[in-house]
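Presented below is the structure to which this report refers.
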Amino acid sequence: MSTGELLIFLALVVPLFAAAAIYAVGRMPDVRETLTIVACIVLGVITISMFMRVGAGDPPVWTVARPMAGLEVAFRLEPLGALFALMASVLWGVNSLFSIGYMRGKREANQTRFYMCFALAMFAVMGIAMAANLFTLFIFYEVLTFSTYPLVTHAGDVRARRAGRIYLAMLVGASLVLFLPGIIGVQIAAGTTAFTPGGLLSGRVDAATGNALLLLLVFGATKAALMPLHGWLPGAMVAPAPVSAMLHAVAVVKAGVFVILKVSAYIFGPNLISALPAATWLLWIAAGTIVIASVVAMTKDDLKARLAWSTVGQLAYITSAAMLPAAAGLVAGGLHMLVHAFAKITLFMCAGAIYVATGASKVSEMGGLGRSMPVVFSCFLVGALCVIGLPPFAGMWSKFLLISAAFGTKEWVTAAAMIVSSLLGLLYLAPVALRALLPPVGDGSPRAFIRPGGAPGPAVAAVVVTSIGCVVLFVFADAVTAYLAPITGRAR
Amino acid sequence: MISFETLHAAPPALVAHAPVLMVAAPLIAACAAALSPSARTSWMISVTGSIFAAWMALALVGEVARRGAVDYAIGGFAPPLGIALHIDGLSVLMALLVSSAGVMASLYSGHSLAADVRAEKHTLFQSGFLLCQTGLLGLVSTGDAFNAFVFLEVSSIGTYALVAIGEKRDRRALPAAFNYLIMGTIGATFYVIGIGFLYAATGTLNMADMAARLATLSDSSVVQAGFAFVVVGLGIKAAMFPLHGWLPGAYSYAPSLIAIFLAATATKTSIYLMARFVFDVFPNGAAFGQGFITSVLVPLAAAAAIVCSLQAVFEKEIRRVLAFSSVAQVGFILLGLSLASVAGASAGLFYLAAHALMKMTLFMALGGLAISLGARRIDELAGVARDAPWSAVAFGVGAASLAGVPLTVGFLAKWRLIEAALQSGQIWIVAVLAIASLLTLLYVGRMLEAIFFRPAPAGAQRAREAPVGVLVPLLVLAGLNIWFGLDASLPEQLANAAARALLGGAS
């Protein structure tokens, strides 16, 4: 086994082993959570090492099995996947820290199952990030759905179970009815589903087939929550805050847009995407999603619901990026995937910290709370400004690149939707923090802590780390775009 | 890739007579089992007979790969007058399937019979089981249309008795067996009437000979009536929707061993025979044959896939869920065959083999649990995973395969079906398959939820882990579901060869 194969093997086995070990030591919470943290660190080291290898032009490759002629279970790292894997493993670590604070602070039941499913979800994310072809990707994509289902229904009450049913029905349904036929269609057209720089289907399909396949694959990747297949995401907010933070701001939804980016870059390729009318239709749908989601977000008083709708909109930015007829869009989309992950996980973890400390889940209940929780609300402000796209936060660069790519290709609708949505973001995200931090207007004192000592220490530490990340990425955005440049299919 | 051409599983002296030995071995064993003094002896006879038949089937795999097809004139009387066994790629696939199912089921029967069957009937039960194997193996290897009827009845009569023996556990086995007998006999009668018509028109009973003469006779109404009778008769036997009424009862109340064996083989062999007639005996591409496929077979198969999956979703008794699921999966198989392309037939036959494997796994896991727990309803299986983890895991693997979870053989089977349908441009078949798969996921999910996630109700009877004699074949089957999910080259090659044999014209 070569080093590259070993790295891939370890990246899969470490979270899987962690899940088994967590189950085994479930009765000892301290050991269990230490194990989780250790697994996060080990996985972090592995993904960093893979990330460096890809950067150095020596990507890890591993072919595991060939079930039938033309079908392979195989892995191959490329810049986008390496970035996704690294991002997910780092944020898993931060989020585990947060989970320890949150779950203990709330005295949640079934914590062993919670940590175990998290580790399984990370196993799936690693598989998705490293997959060398759509067939392999599909396998892990399904594992991700099923491993996160118990997390969505964690509360076990009627509402959680209903949300869980919708979650499974939409994600699995679309993947069977749309995604799988799309993948098989690619297999028939090209004889393989391997991700190929420059586009596998380029020059192999006519326009009608290309349109059909693009629609099947983009809507089939329902985890990207492109309207009208977005309903599962706001529903999934019944899950505990760490789940919303890690999975429904980072792992699951980013897996969806990651698939779309991969499909655009490696299955269709920039040339074919520019030629297909379906890409333009998808751009309009994504633009509609961006605007509608922002408007709906403004109407939501529940903070997590507001954040979820904001996520729907931001994911559509990345879908737009993948469908733009310019290769530059892909890099901007990849950067936005990373930046939005850091910003949104910050926001969700802040929401969770506020909820544990004060029991407040509605925006209207948070007036003046910034006085008692200054660190959390400052971090919230950082995350909000980063999502909106203001300097000195990383969101500025990705939005800048996205909007300039849209202008550059004369996609006025997309550009306009992005600008409008950023302005709306200013209206629905920033005031949450500002109303809490500024002196309260009118009478009434802010809510008191329901937990002595306020937000748990590990939870606060986690939000500080990710909000620092939002600033650090502002400085290093250029390095990220340079790293991603090869995905456009041109030699670097 | 495996090359079957280099497979020499038996000495040449045996291979020369392998076709007839494969059929005769379980027949002789059936007589011996009936006369044997004890249950134990009869079990050993049953295992030996089944293994011998499987060995012969394996020998034939290599022989057919080398020679294309093996013809064997029984008693040295040359066809078309004598009865001939004609074994091609398709027969070999079916024979291997039936005989290995026989081996697995007979191994399993060592421990399950005591719970399922009255002690004084064990020897007769083994005898009936071997007779049933004889019939099915004969059916897939014969080259004679009337001989096929004889074997069909041999296996059916065995089956009626075997289903009825299930009365020890549940008295409803008796009406179920009676119902099956009536329906099965109607089916067989239709078939034999059809053969009568065809004999009148062609003057021959040998399939290859008949095919040659029918080439010029396809506009004769006698021939068309014969075709209709044959197809309806076999449709009943194959539980083709809406002629499937007998199946849920027969599968649910039969002894677990019989449910396992029938689920893997009984409907499949009738599908085999129907495919033989539709594609092989009747002139391929004749207008009425095509008309039958497009306006009867395909709509009914699609309806089966959807309607029976729905029925399975709402069914509460677990074996009935699996039985309705089987009817739905018959629809999948027929949809594949109806594409009338080599890719489609190969996908359908691959699905047929995969479905046999997964249903055997499921029924055997249930049977193992039922030895200690008389569970019938899904609710009663709640929390079983805690008490009998190995059986539960095996059931889970089989269920995952049925639902088409990636890395199981069921996923590859669905993949191939959808691929074949897309290649033929039949988008709506893809839609039917996708919707039926979703429904499958629903009922599979309900079963798995009960077994793995729900706690056992307080005061309920607790399950025990199945005995080792059951666990070993069960885990082998579950393992095969995953093995073929990772490397399907073996069933794929067999299915491809079978499809070529079926559609390459009568060889």
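Proteins come first, then strands; the chains are lettered A, B, ... in the order of their sequence lines, and each starts at number 1. Note that these values count all heavy atoms, side chains included, but never hydrogens, waters or copies made by symmetry.
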[atom1]-[atom2] distance between [X] and [Y], expressed to the nearest 0.5 angstrom:
X: A:Leu180; Y: B:Glu419; atom1: CG; atom2: CD; value: 10.5 Å
X: A:Arg66; Y: B:Leu486; atom1: CZ; atom2: CG; value: 13.0 Å
X: A:Gln187; Y: B:Trp415; atom1: CD; atom2: CH2; value: 5.0 Å
X: A:Phe146; Y: B:Leu448; atom1: CZ; atom2: CG; value: 9.5 Å
X: A:Glu142; Y: B:Leu407; atom1: CD; atom2: CG; value: 11.5 Å
X: A:Leu71; Y: B:Glu492; atom1: CG; atom2: CD; value: 8.5 Å

Under 4.5 Å from any heavy atom of chain B - which part of A:Val177: both
Taking atom CZ of A:Arg76 as the centre, report whether more than 12 heavy atoms of other residues, nucleotides or ligands fall under 6.0 Å from it. no
For the residue pair B:Phe411 and A:Phe138, categorise the inter-ring angle as parallel (less than 30°), tilted (30 to 60°) or perpendicular (more than 60°). parallel
Closest non-hydrogen atom pair, B:Gly485 against A:Pro67: O-CB, 3.5 Å
What residue, out of B:Leu438, B:Val409, B:Leu441, has the most heavy-atom pairs lying under 4.5 Å from chain A? B:Leu438
Looking at A:Leu176, A:Ile183, A:Ile188, A:Leu178, which makes the most heavy-atom pairs under 4.5 Å with chain B? A:Ile188
